[in-house]
Amino acid sequence: MADFKLSAQLVGHDSDVRHVSFPTPDFVLSASRDYTVRSWKRTATSPPAFEPSVASKGSEFYNCLAYLPPSPDYPDGLVVSGGNDTIIDVRKANSGPGDNAERLLIGHSRNVCALAVVPGRRHIVSGSWDNTARIWNVQSWETDAVLAGHEGAVWDVLPLDETTVLTACADKNIRIYDLRTAVAGQVEPKSTIYTTDVVRALCQVPSGHPSGADFASASNDGVIRLWKFTGEPVGELHGHESFIYALTTLPSGELVSSGEDRTVRIWRDFECIQTITHPAISVWTVSVCPGNGDIVSGASDGVVRIFSRSPDRVAAPETLAFFDESVRSSAIPQQQVGNINKEKLPGPDFLKNKSGTKEGQVQMIKEHDGSITAHQWSIGQQQWVNIGTVVEAVGSSGRKVEYNGQSYDYVFDVAIEEGQPSLKLPYNLSENPYTRAQKFIDDNELSQNFLDQVAQFIVSNTEGATIGQSSADSAGPDPYGTESRYRPGDDVETSKAKALPQREYLDITSAKYEPMYKKILSVNSALVAAGRKDYSLNPPAQETLKVVRQRLEANQPVVDDAGISLIVMMCTQWDYSDRLAPLDLLRCVATSPATARFQSSEFGSIVQIAVSAALDGIPPGGQPNENCAMMAARAIANLFKSTEGRKLLSQPSEGLRVASFIDRVLGIGGQPAIGPFNRNLLVALTTTMINYAVLGSREPGKLPANVQVRLLTALARILQKQTDGEVVFRALVAAGTLITVIGKFAPEAKSMSSSITSSKDRVSDARVKEIANECLSLIEVVT
């Protein structure tokens, strides 16, 4: 199949083009930071030419758009756009800036960064920095439902059909929603898939892809991941060198992506088959025309570009030459390509005598005049393509740079994505990166969510150099406590265990009480409105729960049985779909001795209550909620925090009850697994198993032999099936500690050898390999 070549350059925007749409071969839409949405209508076909017009002009940045196809009421279709003013603008496709919008949709409280039309064309879905996605009815133009549960900005939305929507979130999670489960205008996620980095884009993978994937995600780490709807990862696509901002599919079944590395990339099966470098800093967006398979991109230089495989739609020779020259003359900051030893770089003859090994491979060349140029290998052209000249980064020469009357080692231009202009970030090497990042956030009134990202940007772009500090100081803990700070979707401290047996109990106690209590009170209001006062919270009960929150936030144990009793009531008597927030509160109070001592006349011990809340009361035809199971597992893990909790969990009946719960979640015994690839759920389970192993190690005889065996069986299942580094690491810590308890010569210990070896070979994490080798050494297997 032919390579894509430039078809047209659409010039008109004065700033970054943040979103594009290509609904028909004759019509392109673009949204920009220049406060405009523009439509481009084709006026010539060979070479293609497009006439621009301003469809909408606002007072804030536009970041996203969608196109509703023609209908009897709107024969030209509707353009839907959103941005920094939080309002979604709906207007006729042939509108001008002086025309009124058909509708203004108000509901989001922060920047709107994603829009999509739901199949069936009766709804649109939006995503926002306010941590929500919304479903809008195109007849009433009202919100039909809010997709809840996000702990960060919703960067992308992917409606698959009229009832299923996926969201990509800054909290590193992908959530799958069934719109039919809406309760009081809110939809909780049907399932949650954890990833290792912020998720920026989603697309459906066409059937027939060799991975068998259902959809793909793209992240800040530059990796495209392929997934089944169950959460099972089935492949990764590597090639991008920085953030990926957009992802879509071609009619041919190939994937298309764009990102911070200035490229649009075409992917066939598992390989990148073409890399299109742009003369810009970022390629923010890419879209595909379903009618002819052409691609349109939008970039930080304000230009909309169309690329085509059809010879009939290739741009005029002078346009092609101008584009190639623009790419060649691009300046590439040295920090973007890392350390370069100029003396060891090959000269221009390398480009004539050596071929590249893969599409997109970059080779630095030392030119005769001493300059450094970057060249990218094109498989389609079978040649090296000049993509720019490497220029010395500000600060890299040791010269100070003046900014606002002060001298700095570096002054960076930082583009805060989704609705922010480039901002100046000054930095001296003597500063702690987190201190400077915090000041940058405060000075520019940015979200605290950017702290890690800005700090890591400083670290990576100054390459770890230090002035006036020892290297130990510069690598020390940041002053804002981000090592222990709650990160959405990753609220468990990485285990510090380096040797077996593990001797310390672990807990999972980080929590956000404000959204937790807000959800509880929201459900309670719905119960009161429905007349279900037997299970609602009256004012004194609400006051009791307020005291519980105050003690938790003060790191004090909960001592009042009345508060625990209310939490148990919500966990067991509220509708199954409403139990997640109460279960979250239950796992927070589980560290208190009073909770471990609590007994319900109807449900029994707190362990029985947690398990029942997660697994009982499911509506007919429904499935267990994996997040409820996760909270139950966290509650059990946190019970180990107190002496009373350990006493409860060491009882044989409770140990078997926990083992049965773990088996049910993992699908041991015939029933389907619950959240088989839900990373947070699996971390909670393995943490519980670590704590049981620690109990057996620290208090010999406290862990019944039959519970030990069942835990090892469950750990073997995890080690055989999971690939997440943290999950496997914790499973190995639990397994290794249990081996020291059960004895290395026991058949059950010996039987773990193949599972441990399998996990070691499958997971590349260095911690996993180290702890796996230690486990194998315990059972005298040569590593």
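Residue numbers run from 1 in the order of the sequence given. Since the structure is predicted, the reported quantities are computational estimates derived from the model, not experimental observations.
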**Study point:** Single hit among V20, V37, T36 for side chain to side chain contact (heavy atoms under 4.5 Å, CB included) with S30
**Key:** V20

**Study point:** side chain to side chain contact (heavy atoms under 4.5 Å, CB included) partner of V198, the single match among D171, N220, D221
**Key:** N220

Distance from [X] atom [atom1] to [Y] atom [atom2], nearest 0.5 Å?
| X | Y | atom1 | atom2 | value |
| --- | --- | --- | --- | --- |
| S378 | I273 | OG | CD1 | 10.5 Å |
| H375 | T277 | NE2 | OG1 | 12.0 Å |
| T285 | D16 | OG1 | CG | 12.0 Å |
| S191 | L166 | OG | CG | 7.5 Å |
| I244 | S258 | CD1 | OG | 9.0 Å |
| H123 | I135 | NE2 | CD1 | 7.5 Å |

Practice item. Mind listing the closest non-hydrogen atom pair of K228 and I193 along with its distance? Key: O-CD1, 4.2 Å

Revision key, fill the gap. In terms of heavy-atom contacts, G725 and D765 come closest through CA-OD2, 4.2 Å

I'd like to check [X] versus [Y] (side-chain heavy atoms, cut-off strictly below 4.5 Å). Are they in contact?
| X | Y | answer |
| --- | --- | --- |
| F350 | L345 | no |
| R305 | L10 | no |
| E241 | V362 | yes |
| D294 | F307 | no |
| T263 | I276 | no |
| V112 | C64 | yes |
| I372 | K366 | yes |
| N292 | T24 | no |

So for atom [atom1], which belongs to [X], do other residues, nucleotides or ligands contribute more than 12 heavy atoms lying within a distance under 6.0 Å?
| X | atom1 | answer |
| --- | --- | --- |
| R762 | CZ | yes |
| F322 | CZ | no |
| E271 | CD | no |

Establish, from distance only, whether the side-chain atoms of [X] and [Y] form a donor-acceptor pair under 3.5 Å.
| X | Y | result |
| --- | --- | --- |
| E51 | T43 | no |
| Y245 | E260 | yes |
| S217 | W227 | yes |
| S15 | S32 | no |
| T132 | H150 | no |
| Y35 | S56 | no |
| S242 | H240 | no |
| T319 | Q9 | no |
| N84 | N63 | no |
| S355 | W377 | no |

**Study point:** For H209, all residues meeting ring-ring contact (aromatic ring centres under 6.0 Å, His included), sequence neighbours excluded
**Key:** F270

Check your understanding: Aromatic rings F323 and H278: how do their planes relate, parallel, tilted or perpendicular, breaks at 30° and 60°?
Key -> perpendicular

Check your understanding: For the residue pair W129 and W155, does the interplanar ring angle fall in the parallel (under 30°), tilted (30 to 60°) or perpendicular (over 60°) class?
Key -> perpendicular

Check your understanding: When you check the gap from the basic side-chain N to the acidic O, do R225 and E232 get nearer than 4.0 Å?
Key -> no

Practice item. Inspect the contact between D89 and R91 and indicate whether a charged nitrogen and a carboxylate oxygen are less than 4.0 angstrom apart. Key: yes

Donor-acceptor contact below 3.5 Å, side chain [X] vs main chain [Y]:
| X | Y | result |
| --- | --- | --- |
| D161 | T163 | yes |
| S310 | D312 | yes |
| Q722 | P676 | yes |

Exercise for review: Just do the ring-ring contact (aromatic ring centres under 6.0 Å, His included) check on Y194 and F677 with the steps written out, would you?
Suggested key: CA-CA 8 Å; Y194 177 87; F677 298 97; over 10 Å; no

Review point. For W267 and S257, what are the C-alpha separation, side-chain angles and deciding distance, and is it a side chain to side chain donor-acceptor pair (under 3.5 Å)?
Key: CA-CA 8 Å; W267 306 85; S257 57; 2.8 Å; yes

Check your understanding: Hey, mind stepping through E726 and T196 against side-chain contact (heavy atoms from CB on, under 4.5 Å) and telling me if it holds?
Key -> CA-CA 10 Å; E726 185 64 26; T196 56; over 6 Å; no

Exercise for review: For this output row, return yes or no: ring centroids of F50 and F27 closer than 6.0 angstrom.
Suggested key: no

